[in-house]
Asks: 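After the structure tokens below, expect a handful of questions from me.
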Amino acid sequence: MTTRTSWADLAANSAAENVDVGSSSASNGTVGTTSAAGRPVYVPPHLRNRPPSADPPAPTYTGPASSNDRPGYGGSRWAAPRNDRNDYNNRSGYGSGGGGGVRLGGWGGRSGGWDRGRDREVNPFGNDDAEQTLSEQESTGINFDAYEDIPVETSGDNVPPPVNTFAEIDLGEALNLNIQRCKYVKPTPVQRHAIPISLAGRDLMACAQTGSGKTAAFCFPIISGIMRGQAPQRPLRGARTVYPLALILSPTRELSMQIHEEARKFSYQTGVKVVVAYGGAPINQQLRELERGVDILVATPGRLVDLLERARVSLHMIRYLALDEADRMLDMGFEPQIRKIVEQMDMPLPGVRQTMLFSATFPKEIQRLASDFLANYIFLAVGRVGSSTDLIVQRVEFVHESDKRSHLMDLLHAQRANGVHGKQALTLVFVETKKGADSLEHWLCMNGFPATTIHGDRTQQEREQALRSFKSGATPILVATDVAARGLDIPHVAHVVNFDLPNDIDDYVHRIGRTGRAGKTGLATAFFNDNNASLARSLVDLMQEANQEVPAWLTRHAARSFGGRNRRPGGGRFGGRDFRRESSFNRGGSDYYGGGNSAGSYATSGGYGGGYGAGISSAWD
DNA sequence: AAAAAAC
């Protein structure tokens, strides 16, 4: 195959793959090949460039997963590592009877009991089950075994072993049903490791690539634990104070909304109530939802502080605390608020509650901060942390500041020309400032490209409308600030353009992670110029780690630059490292992820993190 | 320096 593949082709192919769910066409010669039947198949990174005879055939997307994938589903018995969960099997209460116990302010506290409320529970899977089945099942035929040699690092005391199936861990019948409804056939690598750790009651700091299933990894154990747990005796406070059992914090309103939607699917008909609270929206409606009972509260920090100060929420009964995008939650902007919530209200102490931190990136200095919130925690790194999956084709182009708009226009024109069914592929354009976002959006619209924008100066209504319009394809170009950089799961994003590069390589990792999700391919194009010199070095390292073609001019830039704070030492391995492994005499302040050369405890080696599998949808961060 | 996050 010739190497002359234009970015427009890549974007078009990527779009084609994302639109045509049943197709498994890889985006280009670097990740694709053709099966004997002439059908293109995805070849995982570690199986590429090998003589065809010596190896078993590359795994193919073979359509609907066989029922063999879940032997004994729901049949195994749960080996309870904690005494307080042993009552699960005795509790016919869940699913057929009363919840038992007093749940002041909880769902059990409503008159009529929880099962009446359950009858009213809106089906979060919608009414189009039959319609969804075909397209989604077609894409669940991924061979997860192909990813068994993904590098995994764990450290900490007595790490529980990973599982291979959901059935092995018996999360409970109701939750298992929801897992099936979500078409999750097998746990992703991060789920295989994180869920047993959480179920064992251990604190966890987990790093896993963007789009790899982190949301479910912390939701399943929480929901399961609440289902099994004793109905708590909630203290009497103000009659209007509610006592959630789990708290999930995230850095943006839209991400909290998304986590809430996912968690509602997972908890459907389990009796576990999930409520979301975030700013920019009328508080009264959120208060009413809370009053109807809450087990799991998903929130952004500001609104939660408000609710705590009004004494409408108490954290006294919190058993589970999860921070999504945990490194962002603990960076300079958020740390004081998080400390207030976690340390200065009535939250149980570390060791009493169970704490789980998740992110795709985890700088060492943030790890150090985070250890304040954890007790005897397990560090887990799955895949090459801080790196992107190599399902994302990364391009860097030298574009002077003054040429950026016309260059973007060229990209979009060519992309439209190559588009599927004449439709513009979804393109997410990141810029540095809110003003810049508005002005670029306006300019794109003036030039015939339907665009919208999302940033912190827009009203919450406008933000949500923009996201909906983008997702639906009505406005196939979304200009965004970093508000959209993390966690958002937007299906069918074919192309991420870093119109302005971020200053931090981790932000870059999260931004490009908006494409190439759940095993799909994607394209990321960055406009680089002299203003981005400090990023050059870490960008080159990252791209090399992800097997990307690095332009020679960029390598020269990197050699010239002194390297910003982003530079990770240690010869370029991006694998996450537990900062506790670093010698206390060896704590250089600039040591970003820890020394990459020290002996790791990779359970397996040689492979590296690719994607995880197609069709496992939604909220994988 | 910017962005995010309460009213």
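Chain A is the first sequence line, chain B the second, and so forth, proteins listed ahead of strands; every chain is numbered from 1.
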Asks: Would you call A:R292-A:E289 a salt bridge at under 4.0 Å N-O?
Replies: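 Looking at A:R292 and A:E289, the cut-off is met.
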
Asks: Distance check needed: B:dA2 P versus A:I454 CD1, whole Å only.
Replies: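 So the CD1-P distance, A:I454 to B:dA2, works out to 20 Å.
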
Asks: For the pair made of CD1 in A:I341 and P in B:dA5, what is the distance, rounded to whole Å?
Replies: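 Distance, rounded to whole Å: 14 Å.
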
Asks: Over how many whole Å does the gap from A:I283 atom CD1 to B:dA5 atom P extend?
Replies: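 It works out to 15 Å between those atoms.
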
Asks: Counting any heavy atom closer than 4.0 Å, what does A:G333 reach on the DNA or RNA strands: base, sugar-phosphate only, or nothing?
Replies: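 Answer is base: heavy atoms of A:G333 come under 4.0 Å of a base.
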
Asks: What is the distance, to the nearest angstrom, from the CD atom on A:E335 to the C1' atom on B:dA3?
Replies: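 Value for this atom pair: 17 Å.
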
Asks: Please determine if a side-chain N or O atom of A:K435 lies less than 4.0 Å away from the OP1 or OP2 oxygen of B:dA2.
Replies: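 A:K435 to B:dA2 OP1/OP2: no side-chain N or O under 4.0 Å.
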
Asks: Does B:dA4 have OP1 or OP2 sitting under 4.0 Å from an N or O in the side chain of A:T300?
Replies: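 Answer is no, no contact under 4.0 Å.
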
Asks: Rounded to the Å, how far apart are A:Q337 CD and B:dA6 P?
Replies: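 Taking atom P of B:dA6 as the reference, CD of A:Q337 is at 7 Å.
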
Asks: Side-chain donor or acceptor of A:N503 under 3.5 Å from a matching atom on the base of B:dA2?
Replies: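 Counting by modelled atom types and ignoring angles, no donor-acceptor contact under 3.5 Å is found here.
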
Asks: Mind checking whether A:W553 and A:F528 have ring centres under 6.0 Å apart?
Replies: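 Under 6.0 Å, so yes.
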
Asks: For A:D306, which contact category applies under a 4.0 Å heavy-atom criterion: base, sugar-phosphate, or nothing?
Replies: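 Contact class for A:D306: base.
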
Asks: Quick one: which of B:dA5, B:dA3, B:dA6 gets closest to the side chain of A:K434?
Replies: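 Closest nucleotide to the A:K434 side chain: B:dA3.
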
Asks: For A:R328, answer base if it contacts any base atom (sugar-phosphate contacts may also be present), sugar-phosphate if it contacts only those atoms, and nothing otherwise; contact means non-hydrogen atoms under 4.0 Å.
Replies: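 A:R328: no heavy atom of the nucleic acid under 4.0 Å.
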
Asks: With a 4.0 Å cut-off on heavy atoms, is A:V305 in touch with a base, just the backbone sugar-phosphate, or nothing at all?
Replies: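 Since no nucleic acid heavy atom lies under 4.0 Å of A:V305, the category is nothing.
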
Asks: Would you mind reading off the distance between A:D482 atom CG and B:dA4 atom C1', rounded to a whole angstrom?
Replies: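 Result: 9 Å.
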
Asks: Please determine if a side-chain N or O atom of A:T481 lies less than 4.0 Å away from the OP1 or OP2 oxygen of B:dA4.
Replies: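 It does, given that an N or O in the side chain of A:T481 lies less than 4.0 Å from OP1 or OP2 of B:dA4.
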
Asks: State whether A:R339 and A:D372 are salt-bridged, where the test is any N-O pair (Lys NZ or Arg NE/NH1/NH2 against Asp/Glu carboxylate O) under 4.0 Å.
Replies: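 Counted as a salt bridge, because a side-chain N and a carboxylate O are separated by less than 4.0 Å.
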
Asks: Working note: A:Y377 + A:L204, criterion side chain to side chain contact (heavy atoms under 4.5 Å, CB included); need CA distance, chi angles, decisive distance, verdict.
Replies: CA-CA 5 Å; A:Y377 66 96; A:L204 174 64; 6.0 Å; no

Asks: Looking for any heavy atom pair under 4.0 Å, which part of the strands does A:R310 touch: base, sugar-phosphate only, or nothing?
Replies: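 It contacts nothing in the nucleic acid.
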
Asks: Could A:R405 and A:D410 be called an ion pair, given the rule that one side-chain N must be under 4.0 Å from one carboxylate O?
Replies: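 No, A:R405 and A:D410 are not salt-bridged.
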
Asks: Which whole-number value in Å describes the distance from A:R458 CZ to B:dA4 P?
Replies: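 Checked: the CZ to P distance equals 12 Å.
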
Asks: Using atom CG of A:N531 as one end and atom P of B:dA2 as the other, report the distance to the nearest whole Å.
Replies: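 Taking atom P of B:dA2 as the reference, CG of A:N531 is at 14 Å.
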
Asks: Think A:R463 has a side-chain N or O under 4.0 angstrom from the OP1 or OP2 of B:dA5?
Replies: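 Yes, such a contact exists.
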
